Amino acid sequence: MMLTDLHKHLLNDFQRDFPLSPTPYQDIAERLGVTEAEVIGALSELQGRKFISRIGAVIPPNQIGASMLAAMAVPETELTTVAQFINRFPEINHNYEREHRLNLWFVAVAQNTEQLQTVIAEIERHTGLAVLQLPLLDDFFIDLGFKLDWRHV
Amino acid sequence: MDDTDRRIMHATQAGLPLVSEPYQVLAEQLGIGKDEVMQRLAAMQKNGIIRRIAAVPNHYRLGYRFNGMTVWDVADEPIDALGFKVGQLPFVSHCYRRPRHLPEWPYNLFAMVHAKTQAEADAQIRRIAEVLAENNRGCDVLYSTKILKKTGFRSG
């Protein structure tokens, strides 16, 4: 799909300060000089085609419950099986294969530290592989969204 | 953060509905007033429980195919000041200090970079190295080759 100027503004301009008013789409429409129906229509297209993952609150890490970045060195032949086992835990919300000796990287989020450690211990016990725990110690990021580049879209 | 706040957060995780009065729809689901929903979202934003309310772009879909986790071994003493400098670079989306695990993992600074080409990613990594200068004692870049799971709360 070709992105129109309206699509681009909707993608770029509302990565923060999405209106907190009774009629946010009308507010956006007024700001962009279009109608509310056009805004809702364009957002619906962007969501339908997965250009927007969602509209809602972005929360800092560890704000709700406890989270942990973890890494494992998994033999190539076992990677699929191990990844499938890990993904079955509802506490795992990201899991990536990366090019490194530590080739499996996941984020676990739980209600509290005890639950988090239970999940990690269960993964180690079942796979027989060590889980390297890399908890967040300091957050240096001031999150204002991301200036989008429209080349190669 | 109380139980009502938690229920609001869960209700918004699926995404704000695309109707004229989306907060009214949430309010009806939760059995509270829409003014209360908006006030509580504003309060949570003010005290940092919510970082921002956003239409969140899917960077991968927009052509950002080179998403590298850059990791650096930075001297402990200057890491706070340097971490904030790296976190402010426009192409960095997350910047955290994490523990080293010697000998196998010497890196204590993590910064995610996002680029559309390999050359652009390489330039971003050089820029971080410039910021760290003599305090950069080693680095690595881990590109994701496969997303195996991505779900749940949005953070970062």
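Protein chains get the first letters and strands the later ones, always in sequence-line order, with residue 1 at the start of each. All of these numbers come straight from a predicted model, not from anything done at the bench.
Taking B:Gly15, B:Gly48, B:Ala55 one by one and counting their heavy-atom pairs under 4.5 Å with chain A, the maximum is reached by B:Ala55. Of the residues considered (B:Ile79, B:Ile8, B:Val19), B:Val19 shows the highest number of contacts with chain A, using heavy-atom pairs under 4.5 Å. Chain B forms more heavy-atom pairs under 4.5 Å with one residue of A:Pro19, A:Pro135, A:Ala83 than with any other, namely A:Pro135. Interface check for chain B: of the options A:Phe51, A:Phe14, A:Phe18, the most heavy-atom pairs under 4.5 Å are formed by A:Phe51. When each of A:Leu11, A:Ile40, A:Asp149, A:Asp17 is scored by its heavy-atom pairs under 4.5 Å with chain B, the top score falls to A:Asp149. Counting heavy-atom pairs closer than 4.5 Å to chain B, the top residue among A:Ile55, A:Leu104, A:Leu43 is A:Ile55. Between chain A and the residues B:Met69, B:Lys34, B:Gln45, B:Arg100, the largest count of heavy-atom pairs under 4.5 Å involves B:Met69. Each of B:Val141, B:Asp80, B:Val86 has some count of heavy-atom pairs under 4.5 Å with chain A, and the biggest count is that of B:Asp80. Ranked by heavy-atom pairs under 4.5 Å with chain A, the list B:Ile50, B:Asp140, B:Val92 is led by B:Ile50. Contacts with chain A were tallied for B:Ala42, B:Pro99, B:Gly87, B:Ala111; B:Pro99 has the most, counting heavy-atom pairs under 4.5 Å.
Checked options B:Thr12, B:Leu16, B:Val37; the residue passing with B:Pro22 is B:Leu16 (criterion: side chain to side chain contact (heavy atoms under 4.5 Å, CB included)).
Taking the ring axis of A:Tyr96 as reference, the NZ or CZ atom of A:Arg98 stays within 45° of it and closer than 6.0 Å to the ring centre. A cation-pi contact, defined as under 6.0 Å to the ring centre and within 45° of the axis, links B:Arg65 to B:Tyr60.
In this structure, the side chain of B:Asn136 does not engage the main chain of B:Ala129 through any donor-acceptor pair within 3.5 Å. The main-chain N or O of A:Val74 is found under 3.5 Å from a side-chain atom of A:Asn103 such that the two form a donor-acceptor pair.
To the nearest 0.5 angstrom, A:Thr23 atom OG1 is 6.5 Å from A:Glu36 atom CD. Here the CZ atom belonging to B:Arg61 is positioned 9.0 Å from the NZ atom belonging to A:Lys50, to the nearest 0.5 angstrom. Between atom CD1 of residue A:Ile52 and atom CG of residue A:Leu10 there is a gap of 6.5 Å, rounded to the nearest 0.5 Å. If you take CZ on A:Phe140 and CG on B:Leu82, they are separated by 8.5 Å, rounding to the nearest 0.5 Å.
Listed here is the closest heavy atom pair of B:Met38 and A:Ser21: SD-C, 3.4 Å.
Within the 4.5 angstrom heavy-atom criterion, only backbone atoms of B:Pro90 (N, CA, C, O) approach chain A. Only the side chain of B:Met1 comes within contact range of chain A, with at least one heavy atom under 4.5 Å from a heavy atom of that chain. The contact between A:Leu3 and chain B is made entirely by side chain atoms (from C-beta outward), counting heavy-atom distances below 4.5 Å. For B:Leu109, the part lying under 4.5 angstrom from a heavy atom of chain A is the side chain only. Heavy atoms closer than 4.5 Å to chain B are found in the side chain of A:Arg101, but not in its backbone. With a 4.5 angstrom heavy-atom cutoff, B:Asn67 touches chain A only via backbone atoms. Neither the backbone nor the side chain of A:Ser67 comes within less than 4.5 Å of any heavy atom of chain B. Interface residue A:Trp150: backbone and side-chain heavy atoms are both found under 4.5 Å from chain B. With a threshold of 4.5 angstrom between heavy atoms, B:Phe110 approaches chain A through side-chain atoms but not through N, CA, C or O. When heavy atoms are compared at a cutoff of 4.5 Å, A:Gln47 approaches chain B solely by way of its side chain, counted from C-beta outward. The contact between B:Glu104 and chain A is made entirely by side chain atoms (from C-beta outward), counting heavy-atom distances below 4.5 Å. If you measure heavy-atom distances from B:Gln24 to chain A, you find no contacts under 4.5 Å at all. In this structure, chain B has heavy atoms under 4.5 Å from both the backbone and the side chain of A:Glu99. Contact of B:Asp35 with chain A is not made at all, since no heavy-atom distance falls under 4.5 Å.
A:Glu38 and A:Thr35 form a side-chain donor-acceptor contact under 3.5 Å, judged by distance and modelled atom types alone. A donor-acceptor pair shorter than 3.5 Å cannot be found between the side chains of B:Glu120 and B:Tyr64.
Taking the six-membered ring for Trp, A:Phe85 and A:His126 have ring centres closer than 6.0 Å.
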Go through B:Arg126 and B:Glu130 one step at a time and tell me if the salt bridge (Lys or Arg N to Asp or Glu O under 4.0 Å) criterion holds.
-> CA-CA 6 Å; B:Arg126 281 198 301 276; B:Glu130 278 167 27; 6.0 Å; no
